[in-house]
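See structure below.
Here is how names work: the chains are called A, B, and so on, in the same order as the sequence lines, proteins then strands, and each is numbered from 1.
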Number of protein chains: 2
Amino acid sequence: MRTELDDVDRALLEALQEDARLSYNELARRVHVSPPTVAQRVRRLEHAGVITGYRAVVDPVAAGRGVVALVRMKCYGPRCITVHPELLDDCPEVVEVVRLTGDICSVVKVVTTSIGELERLLVRLAAHGETSSAMVLSTPIPWRPVRPA
Amino acid sequence: MRTELDDVDRALLEALQEDARLSYNELARRVHVSPPTVAQRVRRLEHAGVITGYRAVVDPVAAGRGVVALVRMKCYGPRCITVHPELLDDCPEVVEVVRLTGDICSVVKVVTTSIGELERLLVRLAAHGETSSAMVLSTPIPWRPVRPA
DNA sequence: CGTGAAATACAATAAGC
DNA sequence: GCTTATTGTATTTCACG
């Protein structure tokens with residue numbers, strides 16, 4: 001699904017990664033095309049799978065979940081969470097799982113209210129494999145826009 | 001900044017994390033309050049720092065950046081990227097840096113067009129500390145909403 | 001804090017270049 | 001493929017409970 005993207009598409013992607021709630025009118029002003037053209041381009045980007053969604057970013061600390069951690073997993077084959085992510089459906093503290101090459105099969109990002117809750121979660125994760133955890137102190141670069149090649 | 005959140009706030013946060021472009025009218029229908037009330041609540045959440053932004057999610061593969069990797073860093077003190085993130089300002093392939101407890105000082109997420117580009121980036125990162133990288137194969141759980149405590 | 005009614009701004013068509 | 005024009009909604013402000 002490698003759609004060719006021109007400068008207008010790139011500008012729209014940059015703007016929407018910066019602020020996903022910009023109106024088509026506002027986007028039109030910024031990229032210097034008409035609003036209907038913006039709407040058409042954005043829908044094309046969504047349909048092509050370049051834009052996969054729009055999300056509000058919530059600060060875990062302000063939301064009362066001040067304990068964020070990354071957990072490296074070495075799963076036991078049949079219970080591997082990368083092949084059965086539904087095993088974590090009842091763990092809302094788990095907010096992201098990425099599967100990796102190498103001896104670490106995945107990294108799990110968790111967001112809990114306390115160290116105690118983190119400990120209980122680690123016990124649950126340990127049922128699927130060896131865990132190694134580190135707490136997140138801060139996020140020096142919380143995000144950067146993905147620029148199309 | 002630990003604001004008390006009620007059921008309306010929680011419903012709004014959940015909906016906006018699912019789809020950040022929902023209109024106030026649509027949100028009003030879902031949470032059963034009037035549109036002006038929704039607008040007021042959302043602005044309060046933004047001002048309180050609970051909502052820190054709204055971002056379009058771009059699929060790196062569809063954007064021609066098919067090589068995603070996580071790099072674990074053990075930085076040499078004075079060049080540590082967690083205390084000087086501006087050192088990475090000219091590395092647009094770096095899309096996230098989180099600082100951790102433990103012997104790994106940070107994990108860096110990078111998004112490149114090719115293995116060759118990843119290799120060049122790793123050389124640059126190696127100037128700041130020891131690196132250990134793993135490629136991202138897939139994202140079994142790309143995200144989950146952060147639920148207020 | 002919440003709603004309801006006003007004016008302004010925006011989104012979605014359709015038609016033409 | 002982009003634009004202008006039209007229609008219908010959505011958003012915002014303000015007055016009020």
Side-chain angles (χ1 to χ4, degrees), chain A residues 1-65 145-149, chain B residues 1-65 145-149:
Chain A
M1 188 86 72
R2 193 60 194 79
T3 321
E4 274 320 309
L5 304 177
D6 65 12
D7 290 339
V8 172
D9 295 316
R10 273 187 281 271
L12 289 173
L13 285 175
E14 181 110 15
L16 284 171
Q17 286 179 94
E18 191 86 34
D19 182 358
R21 280 183 76 77
L22 289 172
S23 70
Y24 292 143
N25 270 352
E26 183 57 33
L27 289 167
R29 268 173 238 127
R30 299 196 186 190
V31 308
H32 306 109
V33 293
S34 71
T37 302
V38 168
Q40 179 187 333
R41 292 294 192 110
V42 171
R43 275 179 205 123
R44 183 173 138 255
L45 290 167
E46 293 168 353
H47 197 257
V50 178
I51 295 175
T52 61
Y54 302 94
R55 298 192 229 145
V57 181
V58 171
D59 176 22
V61 176
R65 297 190 164 270
V146 173
R147 292 174 199 277
Chain B
M1 185 89 73
R2 191 62 197 78
T3 321
E4 275 320 307
L5 305 178
D6 66 11
D7 289 339
V8 172
D9 295 315
R10 273 187 280 272
L12 290 173
L13 285 174
E14 180 109 15
L16 284 171
Q17 285 180 93
E18 191 86 35
D19 181 358
R21 281 183 74 80
L22 288 173
S23 71
Y24 293 142
N25 268 350
E26 182 57 32
L27 289 168
R29 269 174 236 125
R30 299 196 185 189
V31 308
H32 306 109
V33 292
S34 72
T37 301
V38 168
Q40 180 187 333
R41 292 293 194 111
V42 171
R43 274 188 260 275
R44 183 174 136 256
L45 290 167
E46 293 167 353
H47 196 256
V50 179
I51 296 175
T52 59
Y54 303 94
R55 302 193 222 140
V57 181
V58 171
D59 176 23
V61 176
R65 297 190 165 268
V146 172
R147 292 174 199 278

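- Qualifying side chain to side chain donor-acceptor pair (under 3.5 Å) partners for A:E26, counting only residues two or more places apart in sequence or in other chains: A:R29, A:R30.
- Using a 4.0 Å heavy-atom distance criterion, B:R21 is classed as making no nucleic acid contact.
- For DNA chain C, the contact window with chain A, defined by any atom under 4.0 Å from a protein heavy atom, covers C:dC10 to C:dT13 in 5' to 3' order.
- Checking the phosphate oxygens (OP1, OP2) of D:dT11, a side-chain nitrogen or oxygen of B:S23 falls inside 4.0 Å.
- The CG atom of A:L12 lies 7.0 Å from the CG atom of A:L45; values are rounded to the nearest 0.5 Å.
- At least one side-chain nitrogen or oxygen of A:T37 sits closer than 4.0 Å to the OP1 or OP2 atom of D:dT3.
- Without hydrogens or angle criteria, B:R21 side chain to A:S23 main chain gives no donor-acceptor distance under 3.5 Å.
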### Task
Evaluate side chain to side chain contact (heavy atoms under 4.5 Å, CB included) for A:L5 paired with A:L13, printing each intermediate quantity in order.
CA-CA 10 Å; A:L5 304 177; A:L13 285 175; 4.1 Å; yes
### Query
Which dot-bracket notation, 5' to 3', represents the base pairing of DNA chain C when pairs are defined as Watson-Crick or G-U with both distances under 3.5 Å, crossing pairs as [ ], and inter-strand pairs as |?
..|||.|||||||||||
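- For the contact set between residues 9-17 of chain B and DNA chain C, defined by any heavy atom under 4.0 Å, there are no members.
- Close to D:dT9, at under 4.0 Å from its OP1 or OP2, lies no side-chain N or O of B:N25.
- Using a 4.0 Å heavy-atom distance criterion, B:R44 is classed as making no nucleic acid contact.
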### Query
What string of B, S and - do you get for nucleotides 12-17 of chain D 5' to 3' if you count protein non-hydrogen atoms under 4.0 Å?
SB----
Show which side-chain atoms of residues 53-64 of chain A pair as donor or acceptor with protein atoms under 3.5 Å away, not counting sequence neighbours.
from	atom 1	to	atom 2	distance (Å)
A:Y54	OH	A:E46	OE2	2.6
A:D59	OD1	A:V61	N	3.3
A:D59	OD2	A:A62	N	3.4

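- Shown here for B:A28 and B:P35, the closest heavy-atom pair between the two residues is CB-N, 3.6 Å.
- Scanning for salt bridge (Lys or Arg N to Asp or Glu O under 4.0 Å) contacts around A:R43 gives an empty result, with sequence neighbours left out.
- For A:P145, the side chain to side chain contact (heavy atoms under 4.5 Å, CB included) criterion is met by A:E14, A:Q17, A:W143, A:R147, not counting sequence neighbours.
- Annotation: side chain to side chain contact (heavy atoms under 4.5 Å, CB included) contacts of B:V33 (sequence neighbours excluded): B:V8, B:V31, B:T37, B:V38.
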